[in-house]
Amino acid sequence: MARIRRALADVPRAETPGEVPVERTYHRVHGDRGSAETVDLLAEHLADYRAIVHRADTPDHTGTPEAPGAAAAPSLPALIARLLADRGATSVAVPQGLPASWLSDVPDAVRRVPDTAELTPHDLDTVSSVVTACAVAIAETGTVVLDAAPDQGRRRITLVPDHHICVIRVPDQVVGSVPEALERLDPARPLTWISGPSATSDIELDRVEGVHGPRTLEVILVGPQTAGRS
């Protein structure tokens with residue numbers, strides 16, 4: 001406290017913080033990456049955070065490889081169906097505004113659980129997986145931001161189920177830096193910032209996943225330009 005008093009010794013008692021402008025000279029954009037490089041950087045940083053990254057083509061067709069010998073990206077519905085099958089999912093939470101085509105290849109045997117106000121944490125604890133879109137993704141930090149829009153649903157549906165599939169439309173929803181992301185977000189909305197699966201190292205520095213949210217995060221980068229990329 002003494003150090004704080006010394007630092008404020010020359011500040012008039014009547015002065016309020018709002019009266020003094022704060023110079024914000026930090027960089028909004030770092031480097032001169034193109035959109036493809038920015039998407040690749042996002043994929044790299046997501047993987048660093050132990051998210052599982054996939055690439056898919058637009059929902060209505062399968063992409064053509066960019067180069068001979070390159071594998072075509074799967075369609076988004078086919079990829080989502082495969083990821084749920086690989087997980088052994090018997091149910092999936094579905095935001096009200098999620099495009100129906102995204103789940104068109106998922107068998108009817110996988111129960112759809114609509115996101116409603118009546119869903120309780122106990123209900124969600126019995127749900128195998130959840131599929132959502134996102135608001136924006138930040139390449140430099142490997143962060144996905146949800147803002148509870150209709151295609152993302154209430155925050156609770158991405159915090160309780162153990163498996164989250166998040167779809168990012170590239171390049172439109174990908175930005176390079178945090179300042180660029182903040183320009184797109186409404187601070188009045190309930191924002192969830194996700195960097196990899198839920199994890200904590202609070203207890204004896206041992207990493208434990210799944211404490212505050214899904215233990216497994218799978219991110220799908222979807223767009224025609226993803227075809228043929230690894």
Side-chain angles (χ1 to χ4, degrees), residues 42-43 46-60 62 73-135 137 142-170 173 190-200 207-222 226:
L42 172 65
L46 285 167
D48 286 344
Y49 277 118
R50 302 190 188 183
I52 304 170
V53 182
H54 309 273
R55 297 191 188 245
D57 210 317
T58 48
D60 54 352
T62 300
S75 70
L76 178 60
L79 180 56
I80 290 176
R82 177 172 66 80
L83 297 181
L84 291 174
D86 290 347
R87 182 77 180 180
T90 58
S91 58
V92 56
V94 183
Q96 297 286 356
L98 195 79
S101 62
W102 290 11
L103 300 180
S104 60
D105 285 7
V106 178
D108 293 338
V110 179
R111 179 171 58 95
R112 274 68 163 175
V113 180
D115 173 28
T116 64
E118 289 72 29
L119 274 179
T120 66
H122 177 74
D123 295 331
L124 288 168
D125 196 37
T126 66
V127 174
S128 305
S129 304
V130 57
V131 178
T132 74
C134 80
T143 302
V144 178
V145 186
L146 310 182
D147 66 358
D151 58 2
Q152 298 154 52
R154 294 169 177 82
R155 177 181 289 172
R156 72 179 76 174
I157 70 170
T158 60
L159 295 179
V160 181
D162 203 41
H163 178 224
H164 180 192
I165 298 174
C166 184
V167 178
I168 302 172
R169 298 177 179 91
V170 301
Q173 291 188 312
L191 302 177
T192 304
W193 296 61
I194 303 169
S195 295
S198 167
T200 182
R207 180 181 172 93
V208 179
E209 297 182 352
V211 177
H212 308 297
R215 185 176 286 107
T216 303
L217 172 65
E218 301 204 62
V219 174
I220 302 176
L221 306 177
V222 60
T226 65

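Please read these numbers as outputs of a predicted model, since none were measured by experiment. Computation of the quantities below employed the complete heavy-atom set of this structure, encompassing side-chain atoms and omitting hydrogens, waters and symmetry-equivalent molecules.
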State the [atom1]-[atom2] distance between [X] and [Y], to the nearest 0.5 angstrom.
{"X": "Ile165", "Y": "His54", "atom1": "CD1", "atom2": "NE2", "result": "7.5 Å"}
{"X": "Leu83", "Y": "Asp86", "atom1": "CG", "atom2": "CG", "result": "6.5 Å"}
{"X": "Leu221", "Y": "Asp57", "atom1": "CG", "atom2": "CG", "result": "12.5 Å"}
{"X": "Arg154", "Y": "Leu124", "atom1": "CZ", "atom2": "CG", "result": "10.5 Å"}
{"X": "Asp108", "Y": "Leu103", "atom1": "CG", "atom2": "CG", "result": "11.0 Å"}
{"X": "Leu159", "Y": "His164", "atom1": "CG", "atom2": "NE2", "result": "9.5 Å"}

Study note, to complete from the structure: From the list Thr143, Leu46, Leu146, side chain to side chain contact (heavy atoms under 4.5 Å, CB included) with Ile194 holds only for Leu146

Just wondering, do [Y] and [X] contact through their side chains at under 4.5 Å, heavy atoms?
{"X": "Pro95", "Y": "Ile157", "answer": "yes"}
{"X": "Asp105", "Y": "Ile80", "answer": "no"}
{"X": "Val94", "Y": "Pro114", "answer": "no"}
{"X": "Val106", "Y": "Arg112", "answer": "yes"}
{"X": "Thr216", "Y": "Ile52", "answer": "yes"}

Practice item. Dump the intermediate steps for side-chain contact (heavy atoms from CB on, under 4.5 Å) on Leu42 and Val219, then the final yes or no. Key: CA-CA 11 Å; Leu42 172 65; Val219 174; over 6 Å; no

Answer yes or no: is there a donor N or O on one side and an acceptor on the other, between the side chain of [X] and the main chain of [Y], under 3.5 Å?
{"X": "Gln173", "Y": "Cys134", "answer": "yes"}
{"X": "Arg111", "Y": "Thr90", "answer": "no"}
{"X": "Gln152", "Y": "Asp147", "answer": "yes"}
{"X": "Arg82", "Y": "Pro74", "answer": "no"}
{"X": "Asp123", "Y": "Thr120", "answer": "yes"}
{"X": "Gln96", "Y": "Asp115", "answer": "yes"}

Check your understanding: Can His163 and Ser128 be counted as having a side-chain donor-acceptor contact under 3.5 angstrom?
Key -> no

Please report the closest heavy-atom contact between [X] and [Y], naming both atoms and the distance.
{"X": "Val130", "Y": "Val92", "result": "CA-CG2, 4.2 Å"}
{"X": "Ala133", "Y": "Trp102", "result": "CB-CH2, 3.8 Å"}
{"X": "Pro190", "Y": "Ala148", "result": "CG-CB, 3.6 Å"}
{"X": "Arg169", "Y": "Asp151", "result": "NH1-OD2, 3.8 Å"}
{"X": "Ala89", "Y": "Val110", "result": "O-CG2, 3.7 Å"}
{"X": "Ala93", "Y": "Val127", "result": "N-CG1, 3.5 Å"}

Review point. Are Asp162 and Arg87 within salt-bridge range, i.e. N to O under 4.0 Å?
Key: yes

